[in-house]
Amino acid sequence: MAVLLHRLGHSAYRHRKLVLGIWLFVLAALITCVGVFGGKLDDRFSVPGTESQRALDSLSKTLPEASGASAQIVFTAPSGHRITEAPYTAVITRTVAQAEQAPQVSAVVDPQSAGAVSADRTTAIVQVHYRVQTAEVRTSSVDAIKNTARAAEKDGLRTSVGGSVFNSNGVHIGPSEIIGVAVALLVLVVTFGSLLAAGMALLPALIGVAAGLTGLLALAPAVSISSTAVTLALMLGLAVGIDYVLFILSRHRQQLARGAEPKESVALAVGTAGSAVVFAGTTVIIALAALSVIGIPFLTTMGLGAAGAVLVAVLAAITLVPAIAGFAGTRLAPKHGSRAARRAADAEGATGRTPLGTRWTKWVIAKPLLTVLAVTGILVTLMLPAADLRLALPDNGSAPHASTQRTAYDTIDAKFGPGFNGPLLVLAETNDLTGAASSDAGAQVAEKLRTLKDVKAVLPPEPTTDPTQRVITVLPDSGPDSARTDRLVRDIRAVASDVRATTGASIAVTGTTAVNIDVSNRLSDSLLPFVAIVVGLSLLLLMMVFRSLVIPVKAAVGFLLSVGASLGLVVAVFQWGRLADVLGVPHSGPVVSFLPIILIGVLFGLAMDYEVFLVSGMREEWAHTGRARQSVVDGARHSVRVVTAAALIMFTVFAGFFPLDDSLIKPIAFALAVGVAIDAFAVRMTLVPAVLALAGRGAWWLPGWLDRLLPDLDVEGSSLQKVVPEKGVPAERGESEAEPAGAGGARGNSGE
């Protein structure tokens, strides 16, 4: 792979105008496609094959208003008055008539018909049903309902609008994201000591992000793509795009500082650092694409969309960087006497000064056992809240406090009870085509459901266009994200066989709340197998890369510590509400159900990324010197500074999405930001050197039979020693100094 990438770097450098032109042409074509054919994003949560989804699909044909989108107009009378007073009932009647004229509305149910008047007669709810799904409701239709409700306020009523028409805000570029990119640029300037180099690092990354994002949006007319998938693709594409370019460009500048010729230097950088980029990117892509095996469509599009963004970022790094470097030529080389040149000399040991990475590593391994115990103890402590992890999909109760949907949600919760925000639909079906038996069976089913625990109310059965069906609305005694509601769904399904035996009707629980519960349960069941696959893959890949047993095991344990600590912090902030007010978290409750799997997939790739860049330098020193402890110190000399910059950039990019008022994106951004910080600084740059120092020579041992069995991925580019002329990159110890690690040299110490 290294030789192939080396040739690719050469070719991109020589044909830089063509390469840049192709990228810009593709980007322009994608932007045109989005502008001309751009479709609407689809934020539906569905779980094919589950009871709730099958019943919902059936109702979409026989009772569309039950399966389509809905809105709620909540009216509250002034203090000292009742909503049932004549002037206010007239206002509500007028509002109902106006709401019926709104676009896409199929039915509007007044409070008296729906029994939606609070016990104290101060609050009433108008139910608005759409003939289309939430993803297909136009903004103009929602605005029409809002304006209709707002008009009632002129007559003294307080109004708010909620319902399923309000969902994830999706992709949004605002000041916080721009600030995140600006901070990333600042980190690049400090890292390179050059505004030109920083700008050149940012340009390929931004072109790659734009291409990946527009490519995903261009698929919207043909493929169901959620707004959350677009935001995640933007977040990951931006973060890994900048990092991957940073790794390759920093290697290129180091070689230029040693007097390398630009063309050969950039090709060698692509062959060495680029190999690690391709390896790291591939691990992220595999982990994200693996989300598709869970069988949940919206999670599949999220995983594949984000994987596509990472793929484009990798392609941009290995093609655009050498092309753009060709335009800059020798101007990218640090100027003689500059701070960047001095840092490069320090890294090579030419000045006698000790680089920061070396000083930090020496301090970490001075007492390695104490370091391992301290870091592990802190991370395990941070993990403890994760034992209380509860998963659910967010609803309007997670919306910002000032939003109309949150006001409506809280008012309904206070006046009608939490279950009114998450009703369950029970579909009862018989074989009688006349409808008489279905009516009797529906009444009997309703009576049976009233006896179950945690049921607050059961509404009369409602017929559909199919005479064999009746729909029964069950109001739980708890909210839609409560564990009690989850248990109630299980209880209803548990009595299905008994209901069929006594009434002749088969029942199925459905509705938005039941579908969301099924999504969360499917994800919970998939979590441990997914972790096992990811950890097993990391063990295998790192064993092939480093020809060692200790390093893969240490990396897998470190990865689990990072994920566990990140989830622990997420539970503490978003579920327990610790520091929620300080951080601007509007609601404490169950964690977004797909957050753990997204976190595992992304952190897995990043952990492999940082592991390769850090440990490869240590392995090279071990291959050259055979001194286990000193190789840890000397190997960190080149990579700690770059990995620190990469982690800071990724942290700021993820953190830039945290201020978004989006109940899906906010916890994901928080988890990824703290996860990157923990994995890079606590695990990779602290725990890893300490463990390697403790293991000594055993850290690089691999049984001979296993060494012969495993393929050599050559991620570190040792094969380039055979094809790169020595004059390409001057070095004190020969050509191998130009690479991050000597893959071939380590084989002699593998234990054979």
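Values in this document were obtained by computation on a predicted structure and should not be read as measured data. Numbering of residues begins at 1 and proceeds along the displayed sequence.
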Residue pair F574, K666: steps toward the side chain to side chain contact (heavy atoms under 4.5 Å, CB included) verdict: CA-CA 10 Å; F574 289 88; K666 184 183 285 287; 4.1 Å; yes
Do any pairs count as a side chain to side chain donor-acceptor pair (under 3.5 Å) and have a residue in residues 17-27, sequence neighbours left out, and if so which ones? W23-T319
At what distance, to the nearest 0.5 angstrom, does CG of L291 lie from CZ of F594? 10.5 Å
Evaluate the side chain to side chain contact (heavy atoms under 4.5 Å, CB included) criterion for residues V615 and K554: first the C-alpha distance (whole Å), next the side-chain angles of each, then the deciding distance (0.1 Å), finally the verdict. CA-CA 12 Å; V615 178; K554 172 263 306 170; 4.1 Å; yes
Minimal non-hydrogen separation, L595 against A671, with atom names: CD2-CB, 3.9 Å
Could you tell me whether the side chain of L217 reaches within less than 4.5 Å of the side chain of I225, counting heavy atoms only? no
Are the side chains of V284 and V240 in touch, meaning some heavy atoms are under 4.5 Å apart? no
Scanning both residues in full, the closest heavy-atom pair of A325 with V266 reads CB-CG2, 3.9 Å
Check each of I378, L379, V375 against L561 using the side-chain contact (heavy atoms from CB on, under 4.5 Å) test, and report the only one that passes. L379
Ignoring hydrogens and angles, tell me if any N or O in the side chain of Q255 forms a donor-acceptor pair with the backbone of S265 under 3.5 Å. yes
L542 and A555: which non-hydrogen atoms are nearest, and at how many Å? CD1-CB, 3.2 Å
Could you walk me through whether F559 and I600 pass the side chain to side chain contact (heavy atoms under 4.5 Å, CB included) check? CA-CA 9 Å; F559 165 70; I600 290 168; 3.8 Å; yes
Does R16 count as lying over the ring of Y13, i.e. NZ or CZ under 6.0 Å from the six-ring centre, within 45 degrees of the axis? yes
Check whether any side-chain heavy atom of P322 lies under 4.5 Å from a side-chain heavy atom of H252, and answer yes or no. no
Under the 3.5 angstrom rule, does the side chain of T686 hit a backbone N or O of V683 as a donor-acceptor pair? no
Are side-chain heavy atoms of V642 and Y610 found at a separation under 4.5 Å? no
Might you confirm whether atom CG of L195 has over 12 heavy atoms from other residues, nucleotides or ligands at distances under 6.0 Å? no
Got T282 and L311 here, is their nearest side-chain heavy-atom distance under 4.5 Å? no
To the nearest 0.5 Å, atom CG of L219 lies from atom CG of L304 at 10.5 Å
Rounded to the nearest 0.5 Å, how far apart are CG of D243 and CE of M650? 3.5 Å
Starting at CD1 of I598, measure out to CG of L672 and round the result to the nearest 0.5 Å. 8.5 Å
Smallest separation among heavy atoms of P204 and I324, with atom names: CG-CD1, 3.6 Å
Considering all heavy atoms of both residues, which atom of F247 and which atom of A273 are nearest to each other, and what is their separation? O-CB, 3.7 Å
Is there a side-chain contact between V314 and V278 (heavy atoms, below 4.5 Å)? yes
Quick one: CG on L188 to CG on L246, what's the gap to the nearest 0.5 Å? 6.0 Å
Interatomic distance, OG1@T283 vs CD@E611, rounded to 0.5 Å, equals 11.5 Å
Taking the side chain as every heavy atom from C-beta outward, state whether I248 and V270 have any pair of such atoms under 4.5 Å apart. yes
Aromatic plane relationship, F670 with F658 - under 30° parallel, 30 to 60° tilted, over 60° perpendicular: tilted
Shortest non-hydrogen contact between L664 and P394, atoms and distance: CD2-CG, 3.2 Å
Mark yes or no for whether W360, through its side chain, and V640, through its backbone, hold a donor-acceptor pair below 3.5 Å. no
When you look at L648 and F681, which way does the side chain to side chain contact (heavy atoms under 4.5 Å, CB included) test go after all the steps? CA-CA 10 Å; L648 287 175; F681 299 114; 4.1 Å; yes
Decide yes or no for L567 and L599: does some side-chain heavy atom of the first lie under 4.5 Å from some side-chain heavy atom of the second? yes
